[in-house]
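This structure is a prediction, so every number in the text was calculated from the model and none was measured.
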Amino acid sequence: DAWPRSARVGRGSATHATLDWFDPIPETPFGDEHNENFFDAEVILAAECVWLRDLVPAFVETNRALLSRGVEKELILSFRDRSSTDDA
C-alpha cells in the first residue's frame with residue numbers, strides 16, 4: 001500500500017509530513033480514513049531540522065519515540081552546522 005499523498009519509490013512509496021517536536025506524535029497523521037501512521041515508516045529522513053540548540057532535546061525525543069515503536073527503521077539525518085561561538 002502507498003502512503004497518502006505519496007510518490008512511488010522503487011517497490012515502495014514515500015511521503016512527507018511535518019511534526020511539531022513539542023507535541024505528541026499523532027496516531028492518525030493522515031486522517032481517520034487512513035491506517036498508516038509514522039510508526040509504520042521504515043526510513044525517517046530529517047534534513048535541516050535543527051537550527052537552534054534549544055530545539056535539539058525535543059527533536060531527539062521525537063525521533064527516539066518514532067524509532068522505538070512499530071517496524072524496525074532507520075533515521076537518516078542531514079544538517080549543516082551553522083552555530084557561532086555565541087550559540088554553540
Side-chain angles (χ1 to χ4, degrees):
D1 292 333
W3 288 81
R5 302 182 311 267
S6 67
R8 298 300 291 166
V9 178
R11 294 178 293 181
S13 63
T15 194
H16 67 279
T18 302
L19 287 174
D20 183 331
W21 306 321
F22 295 95
D23 291 339
I25 299 168
E27 291 293 328
T28 55
F30 302 107
D32 292 335
E33 66 276 5
H34 297 284
N35 292 331
E36 295 84 357
N37 64 62
F38 295 135
F39 303 104
D40 295 331
E42 294 174 356
V43 176
I44 299 168
L45 173 62
E48 296 299 319
C49 291
V50 178
W51 57 93
L52 296 173
R53 173 182 260 177
D54 293 345
L55 297 175
V56 173
F59 175 76
V60 169
E61 178 56 28
T62 297
N63 281 285
R64 186 208 58 76
L66 288 169
L67 293 168
S68 66
R69 275 187 55 192
V71 300
E72 184 175 331
K73 61 187 70 72
E74 65 180 297
L75 169 65
I76 300 171
L77 174 61
S78 171
F79 71 96
R80 179 176 175 190
D81 185 358
R82 292 183 175 86
S83 63
S84 68
T85 56
D86 293 336
D87 65 359

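Put simply, F59 and F22 are part of the same group of oily side chains (I, L, V, M, F, W, Y) that touch within less than 4.5 Å, one to the next. Hydrophobic clustering (side-chain heavy atoms under 4.5 Å, transitive across Ile, Leu, Val, Met, Phe, Trp, Tyr) groups L52 together with F79. Hydrophobic clustering, with ILVMFWY side chains joined whenever heavy atoms are under 4.5 angstrom apart, keeps I25 apart from L45. Note on F30 and V9: separate hydrophobic clusters, where clusters join Ile, Leu, Val, Met, Phe, Trp and Tyr whose side-chain heavy atoms are under 4.5 Å apart, directly or indirectly.
Atoms CD and OG1, on E36 and T28 in that order, are 11.5 Å from each other to the nearest 0.5 Å. Rounding to the nearest 0.5 Å places CG of L77 at 7.5 Å from SG of C49.
E42 is linked by a salt bridge (charged side-chain N to carboxylate O under 4.0 Å, His left out) to nothing, counting only residues two or more places apart in sequence or in another chain.
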Original post:
Can you check side-chain contact (heavy atoms from CB on, under 4.5 Å) on E27 and F39, steps first, answer last?
Top reply: CA-CA 9 Å; E27 291 293 328; F39 303 104; 4.1 Å; yes
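Checking side-chain atoms of S6 against main-chain N and O of T15 turns up no donor-acceptor pair under 3.5 Å.
For the side chain to side chain contact (heavy atoms under 4.5 Å, CB included) criterion with I44, the lone passing option out of L19, T62, L66, I76 is L66.
Looking at P57 and W21, their side chains never come closer than 4.5 Å, going by heavy atoms from C-beta outward.
Taking all atoms of both residues into account, the shortest heavy-atom contact from R11 to R8 is O-NH2, 3.7 Å.
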